[in-house]
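Note on naming: letters A, B, ... go to the chains in the order of the sequence lines (proteins, then strands), and numbering restarts at 1 for each one.
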Amino acid sequence: MSKPLALHDDRLFPAEPGTRAIARRLYQLVKDLPIISPHGHTDPSWFAGNANFGNPTELLLAPDHYVYRMLYSQGIAMGDVGVGDRSGPSKADPRAAWRIFASNFHLFRATPSWLWMNFVFTKVFDIDVALSADTADHYYDTIDAALKTDAFRPRALFERFNIELIATTEGPTDTLDHHHKVLESGWKGGRVISAYRPDAVIDPEHEQFPTAMRAFAEVTGEDVYSWKGYLNAHRKRRQDFMKVGTTSSDHGHITANTANLSPADAEKLFQKVLKGDVTAADAETFRGQMLTEMAGMSIEDGLVMQIHPGAFRNHNGQVFERFGRDKGADVPSRTDYIRALKPLLDRYGNDTRLSIILFTLDETTYARELAPLAGHYPTLKLGPAWWFHDSPEGMMRFREQVTETAGFYNTVGFNDDTRAFLSIPARHDVARRVDCAFLARMVAEHRMDEDDAAEVAVDLSYNLPKKAYKL
Amino acid sequence: MSKPLALHDDRLFPAEPGTRAIARRLYQLVKDLPIISPHGHTDPSWFAGNANFGNPTELLLAPDHYVYRMLYSQGIAMGDVGVGDRSGPSKADPRAAWRIFASNFHLFRATPSWLWMNFVFTKVFDIDVALSADTADHYYDTIDAALKTDAFRPRALFERFNIELIATTEGPTDTLDHHHKVLESGWKGGRVISAYRPDAVIDPEHEQFPTAMRAFAEVTGEDVYSWKGYLNAHRKRRQDFMKVGTTSSDHGHITANTANLSPADAEKLFQKVLKGDVTAADAETFRGQMLTEMAGMSIEDGLVMQIHPGAFRNHNGQVFERFGRDKGADVPSRTDYIRALKPLLDRYGNDTRLSIILFTLDETTYARELAPLAGHYPTLKLGPAWWFHDSPEGMMRFREQVTETAGFYNTVGFNDDTRAFLSIPARHDVARRVDCAFLARMVAEHRMDEDDAAEVAVDLSYNLPKKAYKL
Amino acid sequence: MSKPLALHDDRLFPAEPGTRAIARRLYQLVKDLPIISPHGHTDPSWFAGNANFGNPTELLLAPDHYVYRMLYSQGIAMGDVGVGDRSGPSKADPRAAWRIFASNFHLFRATPSWLWMNFVFTKVFDIDVALSADTADHYYDTIDAALKTDAFRPRALFERFNIELIATTEGPTDTLDHHHKVLESGWKGGRVISAYRPDAVIDPEHEQFPTAMRAFAEVTGEDVYSWKGYLNAHRKRRQDFMKVGTTSSDHGHITANTANLSPADAEKLFQKVLKGDVTAADAETFRGQMLTEMAGMSIEDGLVMQIHPGAFRNHNGQVFERFGRDKGADVPSRTDYIRALKPLLDRYGNDTRLSIILFTLDETTYARELAPLAGHYPTLKLGPAWWFHDSPEGMMRFREQVTETAGFYNTVGFNDDTRAFLSIPARHDVARRVDCAFLARMVAEHRMDEDDAAEVAVDLSYNLPKKAYKL
């Protein structure tokens, strides 16, 4: 009782035939452009070691928080679909886990996971029947067999996916061995760079802060317990990262707050932080001051700064206790930018050597805060619709709410932001289609000429990410 | 000078012909499904006594806050359209009141009241000319005559409307006599159940709190001035309500704040509340603690919990003073869920025996808070677009902003939430049409298959409310 | 390498042919209606003196903050495109400045400036090639030549633009000489009135407060340092303004906060304000109290009150220091209305002699706060989508989010709010087109009859602004 699965060529294009025809023409110009993936969370060891991936559950379910959070919301235990907990990996049989997923695939209707997954099934694994309880085993067997072949090793897929460059994200104490190994391997199929994400040594409330500081001292050889040594350690690590091609830093604080303390006050606060003698407000000020310090270093060394605020991590206390971080229990929170960024902007906001890319999980800020800021400050650009909003409706709202005040050229193209490597082409395809759909409407409503829209479509898909991330 | 009135069969469907054709096909599948009305405010005495309704003004204007708030906003006195005040019923002549309404019906263009009213006029009363000053008397006479007939008695309309079940809402001291009378009457035409709404004995700032507590003691025979007795009184009343078929409780606090106090602290706070010795913050904590207590009782007895936060009641001080509660002067207010619900969720959020349905008057929370929470916690589901947002645009925004993260299956179908009994079929019809319009776009943009959309359409209209409310 | 430029007759209409045909028909009814511009910032000396405008850069770039903020966001110095700073006018060659703008015109794709500018180029200056680096000089020469002719003097353009009435905005110490001169000139081509904007003597934190108070004393002859004299001075100035046709006051505070102090407390606070002995909270209370006082005076003298809250002025400290106010560095900020307006509404909210028009830079308040308030209080109406939201998408969101709760008749038509005189017809044209597009969808979806929509289209374009502003 299986039904056919096929991706329609016009998916995500507006239904109105005239507008759809424009969208199709625009999409033809961008569909084969190489993928630039300047921000994401794939594992660099894949590209360094180039080993085959594991079974379907291990590859496609267990690491995909979009998938298991939805299943969990309907009462399906995470362990049953392959998600490990603090005590170790899941003991679920991978095929049984896959069957549970297959039987519940209807839960994903009209979600981006539905689009991404079906793209992977058809385009990557060439499956032509829809996923359901009935086809679960057929899927499992087909995918499992493919994964054992050379054509499905990481580098082969990287090349097949037409990825020109991918950035992974590493912490401040990472040795970047995998990146060096890729570089030394002489592989010509694509570039794998990193992004410098120092949260663990910047956030006094991070559970790993003390440990991370010790490792930070070790890896840099600096006296990281003095303010000067601490800042120098950051400078050194940024240089280390730049040696593997890194062009950006990334900062994932709970708010977008920044601070602009005098050097003496900053040093004093740092000493309080080290003593663990800080209130929540002090910790917040310290994180904010470090954003400003990082902006200063960006002016020195040219790294683009990414600010990803607003994720309330580990909202579900019981899930955190049993399963740990990053288990689908993060949720957005209301985020202010107007007052939060002012201290940093007062200091560096007009310095054209600095480039800051802002993200949000709070869509109310698109038209009210982010577009007005990015449409004025030469230092600010807007990252694409992020995480919960990385979806057709979410991307469309982003363009609708941002473009009139910030234009297209204060945005930076698409970030897939994923650890789900196989979904990367699907995600970029969705973004390109939605942008073409938006542009097609502008053309159909005679708000842009089609030749201008064509130029913008290519810029959004390829040129802007390269320029914004200095690639 | 009257113009014809006719509801178009394609109303509320997208104009694009391909999409409209899909919407039509989907709507065919749901238009005749029985109405499940799991949350509302009709008067159970109607179904118990089955007496004829009064005149058109008394039935259609005086109780409809959507109607008289709009008229009032344009300077029309409430008393003139039949709204009574604290001194007694309105002294306006009902026909004169109706004429005022008719002359101002243009104010309702493009509002949901326009759709609901015109549905009632054509489908319930078979009127075929548009309402205006010229046709006011024709309307009044036609409706008035119909209301005197047996076919327009409450039970006859209930059956004609194809209502399978309706839930009313009663307070913690209600004797449920009307519900018992319906049950004992042997009427087979439909089910009339209640929902347990204990706000008056939970909110220390409710003007009726002291009186309600005395009545609560009386009706339960418990020592409601002891913490244990107070909780037991709730347990008893929940059982009483369940005897008339109740499957849910309902909570209308000003915020969604919850608390998770130790039993000793909760008891201490309760004693302060009883002494009237509470700050606004204490009162808020008490309301929040009671939500958590109610969640605990739901795990015991299986009642589904509805949380309806965010209504700023009686905003207009002068109107409240002269007219009292529920006079169109309630307005939404900004509502937080992420931090507000955490205490309750920390305690019970992963217990699959618990089911909480969340509503909001703050649409900014759809994509940012509610969908991410409901798309993770097994205990949480989302109620439909509510009150000011119970409208075609409002419902569409709900689906557009919620679906990609929460899917369809973490939502619960439609609530009409109305005291305007005659408008119930109109309201469900609008909801079904808007859902079909949304699904049709998904199909037209090749984001869902039509057979999947058909299944979802039926689920949203009928299966999900039955399941979510355990009916 | 120039390409043709032509405005399409169907611009801004929905692409779906049936809906577009309706929009076209509605637009035919409103396109030639006279322009009512009840709120804006044109310079009354233009109409008093009727001198020719300066060169293209001086007229079209240097005063247009929408233009130079976008250029600045991409690293182009404001001085280079003709914007003067505190040290004096820009020293840039106007033609060189124009070339920079022309070379960067692609930045404005899909922004309202793109629509407005291209309208001015084609309809006002009859240019038929698109603006680009290649056509920069052609543009400059064509516009420059036209501006030297009599047909392009302010009054000739005013008449050609079919403007029936324009309101400028003046401060509390303005002598209104230009307005008197226009009145005395016997010009019959149009009405030029003012709006009373007393912020500088109401906001204790305004940098010109002390100076403005001295001038206020002088111009009124009142003892403005006594509470009674201060209030009388306002009364006098309102009368002065009414002599040049003024029908409204305008208030641009950072929030919408109001206060309702006793006369004694208000007086005490005023004395603290005069001594400069105020906290930020006191200053906020004083501004809020003055909104309530102004509402009281409106009941006396009939001026309509406009409240424009939420602009965070001079966000960019360095730009403010070098360039001063109003240099594209203002940004929106989150704004509350529900609690903020309550004190004023408690006092005067039900007095039908009072009319308050509310604006916002925070779109989240449309459906949640503004529509519910305006749909109830007889004193409240909603101004159109403002500033950053004065754009096709912004206007559409306004109608989509406001109409279902407030209807059309609690809105007041369009305000262009501009100092860019030549863009006025373009701006009203965009507003009329977007309203027709919205109405056409309502008709196409059978939510309104076309004859009703036709009436509404004319009301929104012409009748409502005249009525709301008592013109």
Heavy-atom nearest pair, C/Ala110 first then A/Met442, reads CB-SD, 4.1 Å

So which heavy atom on A/Thr405 is nearest to which on C/Met70, and how close?
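Residues A/Thr405 and C/Met70, closest heavy atoms: O-CE, 3.9 Å.
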
With A/Arg368 as reference, evaluate C/Thr335, C/Thr365, C/Asp362 under the side chain to side chain donor-acceptor pair (under 3.5 Å) test and give the passing residue.
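For A/Arg368, the side chain to side chain donor-acceptor pair (under 3.5 Å) test succeeds with only one of C/Thr335, C/Thr365, C/Asp362, which is C/Asp362.
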
Exactly one of A/Asn350, A/Asp346, A/Asp351 should register a side chain to side chain donor-acceptor pair (under 3.5 Å) with C/Gln318. Which one does?
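Among A/Asn350, A/Asp346, A/Asp351, the one that satisfies the side chain to side chain donor-acceptor pair (under 3.5 Å) with C/Gln318 is A/Asn350.
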
[X] versus chain A, heavy atoms under 4.5 Å apart: side chain, backbone, both or neither?
| X | result |
| --- | --- |
| C/Glu393 | both |
| C/Leu12 | both |
| C/Arg334 | both |
| C/Ser391 | both |
| C/Pro14 | backbone |

Just so I know, are the side chains of C/Val331 and A/Glu369 near enough to count as touching, which here means a heavy-atom distance under 4.5 Å?
no

Verify the ring-centre separation between C/His106 and A/Phe408: is it less than 6.0 angstrom?
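Distance test on ring centres: not under 6.0 Å, no.
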
Assess whether a salt bridge exists between A/Asp452 and C/Lys3, defined as any Lys/Arg side-chain N lying under 4.0 Å from an Asp/Glu carboxylate O.
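Yes.
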
Is chain C contacted by the side chain of A/Ala15, its backbone, both, or neither, given a heavy-atom distance below 4.5 Å?
neither

Once the angle between the rings of C/Tyr72 and A/His376 is folded into 0 to 90°, is it parallel (under 30°), tilted (30 to 60°) or perpendicular (over 60°)?
tilted

